[in-house]
Amino acid sequence: MITITLPDGSQRQYPKESTSLDVAKSISEGLARNVLAAKVNGEVWDAMRPITNDAKLTLLTWNDDAGKSTLWHSSAHLMAEALEALYPGVKFWVGPPVENGFYYDIDLGDKTISSDDFKKIEDKMIELARQNNPYIRKAISKKDAIAYFKEKNDEYKLDLLQGLEDGNITLYQQGNFTDLCRGPHVPNTGFIKAVKLMNVAGAYFKGDEKNKMLTRIYGISFLKEKDLKEYLTLLEEAKKRDHRKLGKELELFTFSEKVGMGLPLWLPKGAALRERLVQFLQKAQVKAGYQPVITPHIGHKQLYVTSGHYEKYGKDSFQPINTPQEGEQFFLKPMNCPHHCEIYKTSPRSYKDLPLRFAEFGTVYRYEQHGELHGLTRVRGFTQDDAHLFCRPDQLKEEFCKVIDLVLYVFRALDFPDFTAQISLRDPDNKSKYIGSDQNWEKAEQAIIESAKEKGLKTTVELGEAAFYGPKLDFMVKDAIGRKWQLGTIQVDYNLPERFELEYTGSDNMKHRPVMIHRAPFGSLERFVAVLIEHCAGNFPLWLTPEQVYVLPISEKYNDYALKVSQLLKNSDIRALVDERNEKIGRKIRDTEVKKIPFMLIVGEKEEMENKVSLRKHTEGDKGTYSIQEFIDIINKEIETKMVSA
RNA sequence: GCUGUUGUAGCUCAGUGGUAGAGCACUUCCUUGGUAAGGAAGAGGUCGUGAGUUCAAUCCUCAUCAACAGCUCCA
């Protein structure tokens, strides 16, 4: 007998070689039907794999990420089986699960696949799935594995095998398909009830552009047909919220080939929205003891040599601007920090002066690769809500925690309740990518980990995701339809102060080196606005929205009264416009709804007589009649409650 | 940057080896209407750009630019 410890701490006895599925069955039949895999002593295993020793066991279902991944991984194998049946001779590279589904990289020889072929492949997959073929795990020697794939003439799998250790190699077979795979998999293909292939794209063998381009087919699968439908609805919703589409429709921003790719042009409404965000943060920053500074858009090459940016990004930047006479080189500013370091150096600093907090909405320019540009989320010129905090080492944690508070304040104010903090550390196996001493890195990483813990943030840790000069705490927010976006960032930096030889005089009258914190709650205004648009689907919070109220006269006869109403609103700092067009009221309402204007005031004979307005709310409809002052109170209250909840 | 797809009116998109069409938006006129599209007329494009093939190119070929998807990258 073996002892199985379940997540709640309870222990049960089972015969040796029992499987996770046996354990599930002993708990409930319903649970057993939903088990996709199991975590055995921290390792994800097949639910059908016999457990030989005492173990801690967590059963994994669709509700667990690892459970989903297992189903998707199995689905990749199923797709491979279907492909092998439909395209004999196809060769396989790898087929892993990804965040939303799975893919398989394949080599079709001289054949091609397009989205027109998806239906056929999906149908084949479902046909195979219905056979309920078990996924059979087979441990195999390296020699036998090589022999098998040689026989099959699958050079990619042979390549993969080279990197694997003998004694640690497993094959998985379902139906007529056998794959080199470490697993785990769901018990049988019957779990896969709904399948959708999403797209086909080229992908380099091993991700190296010098290598051959393979065909990558993306798909997703579900336990229920209903879940697939829901997923497709979500995708449609995401499409509707695409900030590039809404940005155009709502006249927020545009791009021009003439100005240059990746260089956004903010239209009046977009600029107004952005300005409001800036003012909002500025106000919060002043309260938090930040001092605004302003620095130029270019900087001398030497500045970036000192900072290390030149060495790291010099070749991949916009190329230098040369002065005609002195032949000196200037670079477009890719970051604000070197400039702010120079501001720090303008006068000798005492320990009593610290922390110093320099804030700047600094526009920076980075040469992003052609294929990377994407709407406002990835651009070549953008404005960071940047600030650099210079503090004593003993102040670091407190300052860091205060910055976390500020970031959380911003997220709450803008209605992003769901987020996690990603701690991005250095890749311990590739330290040459980074500048600075091991000691400084360790201190910085420690400070971040401790601060995040102290603030009780939900964190994940990513190795190798740090900036080249220091580790980061990145905030990953979830939007209204559950997608994750990286927004704010806080970074601890011991390196730039060293490179710029920043100092302060301590209470011991000795020179000391300050620590620097880089931080940007929004990240960049461009990216933030993009995320905000998609989050609220263009229905901005009242305090941010470019136009709050449209006054709609029933006919042109009431235009004068409408103008009077709008003027009264403007006098109360409400953003109001009159639709003076010669159109019927139904038409005006429709057009205003489409523009996502929060409030409509309909005015006609009745309203003019009584000096009132008829209120209609976006998507909600008629709200009755109010005096102008009553309406001003309503809207102000609504603006205020949004800000108070902030 | 790499691979693939796309580029026609302000927007969304049809279409053809003989220099172009729809809907919406726009302009004018009629209508002055009470809670999601009133009616009519009109204006608007050297079909991304450059070259080539052809008697003739928006359409075919090549190059180039840009957008989109994926890969690689992201201070």
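Sequence lines set the chain letters: A, B, ... in the order given, protein chains first and strands last, and positions in each chain run from 1. Keep in mind that the numbers below use all heavy atoms, side chains included, and drop hydrogens, waters and symmetry copies.
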Inter-nucleotide P distance (B:U58, B:U19), Å rounded: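 One P to the other, the span is 10 Å.
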In whole angstrom, give me the gap between the C1' atoms of B:G23 and B:U32. 27 Å
Of all of residues 607-620 of chain A, which get a heavy atom below 4.0 angstrom from RNA chain B, listed by number?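 Residues of residues 607-620 of chain A that come under 4.0 Å of RNA chain B are, in numerical order, A:Glu607, A:Ser614, A:Arg616.
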Touch class at under 4.0 angstrom, heavy-atom based, for [X] against every strand present:
X: A:His518; answer: nothing
X: A:Arg527; answer: nothing
X: A:Ile585; answer: sugar-phosphate

When you get a sec, tell me which of B:C74, B:G34, B:U12 is the closest nucleotide to the side chain of A:Tyr313?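 Shortest atom-to-atom distance from the side chain points to B:C74.
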Can you tell which of B:C65, B:A67, B:G34 lies closest to the side chain of A:Glu257?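 Of the candidates, B:C65 comes closest.
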Going 5' to 3' through nucleotides 37-45 of chain B and flagging B where a protein heavy-atom sits under 4.0 Å of the base, S where only the sugar-phosphate is that close, and - otherwise, we get BB-------
Between A:Gly375 and A:Tyr558, which residue's closest nucleotide on RNA chain B lies nearer the 5′ terminus? A:Tyr558
Nearest-nucleotide 5' precedence on RNA chain B, A:His309 against A:Asn199: A:Asn199
Run the side-chain hydrogen bond (donor to acceptor under 3.5 Å, both in side chains) test against A:Arg380 and tell me which residues pass, sequence neighbours left out. none
Take the protein atom [atom1] of [X] and the nucleotide atom [atom2] of [N], then report the distance between them rounded to whole Å.
X: A:Tyr218; N: B:U3; atom1: OH; atom2: C1'; result: 13 Å
X: A:His370; N: B:C71; atom1: NE2; atom2: P; result: 16 Å
X: A:Met261; N: B:G1; atom1: CE; atom2: P; result: 6 Å
X: A:Leu246; N: B:C11; atom1: CG; atom2: P; result: 16 Å
X: A:Tyr103; N: B:U3; atom1: OH; atom2: P; result: 20 Å
X: A:Leu373; N: B:C68; atom1: CG; atom2: P; result: 8 Å

Excluding sequence neighbours, so at least two apart, what forms side-chain contact (heavy atoms from CB on, under 4.5 Å) with A:Lys431?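 Applying side-chain contact (heavy atoms from CB on, under 4.5 Å) to A:Lys431 gives A:Arg426, A:Asp438.
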Applying salt bridge (Lys or Arg N to Asp or Glu O under 4.0 Å), name anything that partners A:Lys245, two or more places apart in sequence or on another chain. A:Glu249
Report the secondary structure of RNA chain B in dot-bracket form, marking unpaired bases with a dot and bases paired to a different strand with |, and treating Watson-Crick or G-U pairs with both distances under 3.5 Å as paired. (((((((..((((....[..)))).(((((.......))))).....(((((..]....))))))))))))....
Donor-acceptor pair under 3.5 Å: do we get one between A:Arg244's side chain and the base of B:C68?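 A donor-acceptor contact between them is absent.
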